[in-house]
Number of protein chains: 4
Amino acid sequence: MSSTDPQRHTRQRARILDAAARCFSRYGFQGASMARICADAEMSPGHLYHYFPHKKALIEAMIVRELEEVHARFEGLRDAPDVVEGLLALIEGGRGWTDEQNRLMLEVMAEAARNPAVGDILRHHHAAITTLVAECLAAGQARGQVEPSLDPEVTAAMLQAVVDGAVARQVRAPALDPDRWIDHLKHLYGRMLRPSGNAS
Amino acid sequence: MSSTDPQRHTRQRARILDAAARCFSRYGFQGASMARICADAEMSPGHLYHYFPHKKALIEAMIVRELEEVHARFEGLRDAPDVVEGLLALIEGGRGWTDEQNRLMLEVMAEAARNPAVGDILRHHHAAITTLVAECLAAGQARGQVEPSLDPEVTAAMLQAVVDGAVARQVRAPALDPDRWIDHLKHLYGRMLRPSGNAS
Amino acid sequence: MSSTDPQRHTRQRARILDAAARCFSRYGFQGASMARICADAEMSPGHLYHYFPHKKALIEAMIVRELEEVHARFEGLRDAPDVVEGLLALIEGGRGWTDEQNRLMLEVMAEAARNPAVGDILRHHHAAITTLVAECLAAGQARGQVEPSLDPEVTAAMLQAVVDGAVARQVRAPALDPDRWIDHLKHLYGRMLRPSGNAS
Amino acid sequence: MSSTDPQRHTRQRARILDAAARCFSRYGFQGASMARICADAEMSPGHLYHYFPHKKALIEAMIVRELEEVHARFEGLRDAPDVVEGLLALIEGGRGWTDEQNRLMLEVMAEAARNPAVGDILRHHHAAITTLVAECLAAGQARGQVEPSLDPEVTAAMLQAVVDGAVARQVRAPALDPDRWIDHLKHLYGRMLRPSGNAS
DNA sequence: TATGAATGAGTCTTCATTCAT
DNA sequence: CATGAATGAAGACTCATTCAT
């Protein structure tokens, strides 16, 4: 009986999304053809269209998955005893980002800037992270770990801008020693967040 | 003699580059068809190809022009009596960036990440600005305006990351009050750069 | 299993090659547009490109098929009891060549003269026929059917030059009575090949 | 005063026709663009169109010039004391044909097969040469230099077929030693033409 | 579930030709 | 006579998508 096997369904979707991520990061959303993605996923076009009705749907699903993974990295912040240490650890974690992820994020940003649907996805995700980080920052201020004059919301947005800047840096200055860069970033970011007079 | 009029030639190229910038920012490099650019430039395809041999050439010329304009904004830094003030003024200037420029920069970053030719253009331009800013920072350190422990080169790279982050922010959080954002940015950036104990 | 049906595949290729031969003979390789060939093959361009990746590939495949057909006509020579009779029969067979085949051969020759890939195909095919004919001529010499002083290889090349000349004649002098022409050709060719003193 | 200078006019036309011959032989009639021919003739398109109203006109003018040159080579036949020697000398002269001329002839034949206008030019020229050669052959028969049973007209057509075959051979078997080939050709052709029992 | 044949609009690019200067 | 800017209709080829099997 060909009754639906949800597990298999999910596995197939994942296989497609993996292939899509690989292709999109290499060729961009428009540059990656469905045929290429099919080949990469070792699947016929007809079959792939069984799982995603449009290219648009595939792009959006892939973006959502990607952003959820990013979100997951921020969740840990809630349990960090020291918020600032937690945020610095997140920056430290940027060291592990692959080129594929970097390229994908840049592609997502560019697409979000012109495609309202993608823009909404990004903004929704951004708002979720911003809220999370802002809450943590406010808690940190209550505990005296964070400079009290900082606006938590804007500061949370800043963190994400720093991440975007770091992603861009990998393209702009790939030769720059990552250790020097990340150390510098952590040093300055620490100085920013901690109460005045409390250098890292 | 009816030999070529170089002025007209330059004007035509500019007309095309303007149309290209508009189209690329709206649809992306791949999404903008030559036909559309032609229509926007009010020019036949054959004529456009008289000025640019490829779409690639058009893209690259447009990118170079865009980046040179960015570079020009940084040149003023040399004459600023206080480097930090100069840099903060640059951040302040980001307020004037149009959506078109923002989108274009995002598209350029995404393209640079996968297209080596574009990547090289970006890196070359980035290096030029980095050198310029680093020199100004070093001079500022000599004059006691800038925290002496900062590495000028990495700090210059940081500035550009901040700009990239600000560009991304416009997509991520367009609702965020630009005044709040820019003030915050200037405040923190000032704290980063000025000698310790010298809050803005 | 609905895996590829190789028979259908072959039939489709044949359909395309037929259309291509018709169009190429009418308009030349460059003059025949893929769109026209598609229309002739009653097939969409996308579908045609499913079978041939380039126009070049289509041209070459068609040429190979055409030349193989020519080659096949020569194969019979091996079984002819009298080589000279066999060769004269081949010339006689030229009567049956269609205009399409003639035009195609002329187009192939012209293309082979400037396109190395096509040139190689032609030369490879030419060498195969030359070898075949030369062997038959040598055997004929051993049997006393062919003038012994003739160099088999060059004489085989001569035969093909005669064929090329006959193809050209159809263009140069279509009004010339084919019977008169072919009879003349056979007469002279026979005189050439047979041992001296043995007029046809 | 810009009054017409017919000499200059002729020289310009020649310059264009030279460039056209070069380009057509390299790329074919369709493959050679007017722009390329202009570049080769060091002339602007507007100027070139002053001399030839169409590409078609240029092609036809070039073909006529080419064929007239061929015709000129045959004119000498009239003064030859021995027709057969004269014809053999013509074959011998084929040794001097350049690749450009060869390719051009092949292109002309292919074009003549499908383009009625070009076909007519070729046939007109062919008829002129045929008449010339046939007359010489008839005179030769009267003088006992040529086998009397040969039909002069068909034999004249044969000569031209031999030339076409020789042109094709240069493409089919460029490696074949030209000396061997031409000697063979002359030997056989002599045997064909001379009265029976009169080997070369 | 899975295949891949099939479509046709759309992409970039070329080219013969015209025209203002 | 001479230039080269300008046109726009093709040309080869691609690709998202559908559908019969």
Side-chain angles (χ1 to χ4, degrees), chain A residues 1-5 8-9 12 30-39 42-59, chain B residues 1-5 8-9 12 30-38 42-58, chain C residues 1-5 8-9 12 30-38 42-58, chain D residues 1-5 8-9 12 30-39 42-59:
Chain A
M1 270 24 80
S2 70
S3 78
T4 325
D5 173 353
R8 175 173 182 71
H9 196 265
Q12 294 279 51
Q30 313 222 34
S33 71
M34 291 302 265
R36 211 176 182 101
I37 296 170
C38 287
E42 293 171 31
M43 197 176 275
S44 68
H47 198 23
L48 190 151
Y49 272 83
H50 189 73
Y51 293 93
F52 296 93
H54 312 298
K55 193 183 191 185
K56 235 185 68 178
L58 177 53
I59 291 174
Chain B
M1 313 311 126
S2 70
S3 77
T4 324
D5 174 354
R8 176 170 188 73
H9 197 266
Q12 293 280 51
Q30 312 221 36
S33 72
M34 290 305 264
R36 209 173 185 104
I37 296 171
C38 288
E42 291 170 37
M43 196 177 272
S44 68
H47 196 23
L48 190 151
Y49 274 85
H50 199 69
Y51 293 94
F52 295 93
H54 308 301
K55 192 183 189 183
K56 236 185 68 177
L58 177 53
Chain C
M1 314 312 125
S2 70
S3 77
T4 324
D5 173 354
R8 174 169 189 75
H9 197 265
Q12 294 279 49
Q30 311 221 36
S33 72
M34 291 303 266
R36 219 187 171 92
I37 296 170
C38 288
E42 291 170 36
M43 196 177 274
S44 67
H47 196 23
L48 190 152
Y49 275 86
H50 199 69
Y51 293 93
F52 296 92
H54 308 301
K55 193 183 189 184
K56 237 186 65 180
L58 177 53
Chain D
M1 269 25 83
S2 70
S3 81
T4 325
D5 173 352
R8 176 173 180 72
H9 196 265
Q12 294 279 51
Q30 313 223 35
S33 70
M34 292 302 266
R36 219 186 171 96
I37 296 170
C38 288
E42 293 172 31
M43 196 175 276
S44 68
H47 197 21
L48 190 151
Y49 273 84
H50 190 72
Y51 293 93
F52 296 93
H54 312 297
K55 192 183 191 184
K56 238 186 65 178
L58 177 52
I59 291 174

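All chains are named by letter (A, B, ...) in the order of the sequence lines, taking the proteins before the strands, and each is independently numbered beginning at 1. Since we're looking at a predicted model, the values are computed, not measured.
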When the distance from [atom1] of [X] to [atom2] of [N] is rounded to whole Å, what number comes out?
| X | N | atom1 | atom2 | result |
| --- | --- | --- | --- | --- |
| D:L58 | E:dC15 | CG | C1' | 14 Å |
| A:R8 | E:dT1 | CZ | C1' | 7 Å |
| A:L48 | F:dC15 | CG | C1' | 14 Å |
| C:F52 | F:dT14 | CZ | C1' | 18 Å |

Practice problem: Under 4.0 Å between any heavy atoms, over every strand shown, what does D:E42 touch: base, sugar-phosphate, or nothing? Just pick one. | Solution: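 Touches nothing.
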
Quiz item: With a non-hydrogen cut-off below 4.0 angstrom, is A:Y51 in contact with a base, only sugar-phosphate, or nothing?
Solution: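 Sugar-phosphate contact only.
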
Could you list the protein-to-nucleotides 16-18 of chain E atom pairs, N/O on both sides, closer than 3.5 Å?
unit_1: E:dA16; atom_1: OP1; unit_2: D:K55; atom_2: NZ; d: 2.8
unit_1: E:dA16; atom_1: OP2; unit_2: D:M34; atom_2: N; d: 2.5
unit_1: E:dT17; atom_1: OP2; unit_2: D:Y49; atom_2: OH; d: 3.0
unit_1: E:dT17; atom_1: OP2; unit_2: D:K55; atom_2: N; d: 2.8

Quiz prompt | Residue pair D:P45 / D:C38: nearest heavy atoms and the distance that separates them | solution =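 Shortest heavy-atom separation between D:P45 and D:C38 comes out as CA-SG, 3.5 Å.
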
Quiz item: Taking only N and O in the side chain of C:S44, is any of them less than 4.0 Å away from OP1 or OP2 of E:dT7?
Solution: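 So the side-chain polar atoms of C:S44 do come within 4.0 Å of the phosphate oxygens OP1 or OP2 of E:dT7, strictly under.
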
Quiz item: Can you list the residues that meet the side chain to side chain contact (heavy atoms under 4.5 Å, CB included) rule with D:A39, with sequence neighbours excluded?
Solution: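 None.
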
Quiz prompt | Set of residues satisfying side chain to side chain contact (heavy atoms under 4.5 Å, CB included) with respect to D:A35, sequence neighbours excluded | solution =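 Counting only residues at least two positions away or on another chain, D:A35 forms a side chain to side chain contact (heavy atoms under 4.5 Å, CB included) with D:S33.
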
Self-check item: All stems with DNA chain E, defined as three or more consecutive Watson-Crick or G-U pairs under 3.5 Å
Solution: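 Paired runs of 3+ in DNA chain E: E:2-21 with F:2-21.
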
Quiz prompt | Those residues that, when tested against B:Y51, pass ring pair (Phe, Tyr, Trp, His ring centres under 6.0 Å) (two or more places apart) | solution =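 So B:Y51 forms a ring pair (Phe, Tyr, Trp, His ring centres under 6.0 Å) with B:H9, B:H47.
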
Practice problem: Would you please name every residue forming a ring pair (Phe, Tyr, Trp, His ring centres under 6.0 Å) with A:Y49, sequence neighbours left out? | Solution: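 Not a single residue meets the ring pair (Phe, Tyr, Trp, His ring centres under 6.0 Å) criterion with A:Y49.
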
Quiz item: Could you go step by step and tell me if B:I37 and B:M34 meet the side-chain contact (heavy atoms from CB on, under 4.5 Å) rule?
Solution: CA-CA 5 Å; B:I37 296 171; B:M34 290 305 264; 4.3 Å; yes

Exercise. Any chance you could lay out the side-chain contact (heavy atoms from CB on, under 4.5 Å) test for A:Q12 and A:H50, step after step, and finish with the verdict?
Key: CA-CA 10 Å; A:Q12 294 279 51; A:H50 189 73; over 6 Å; no

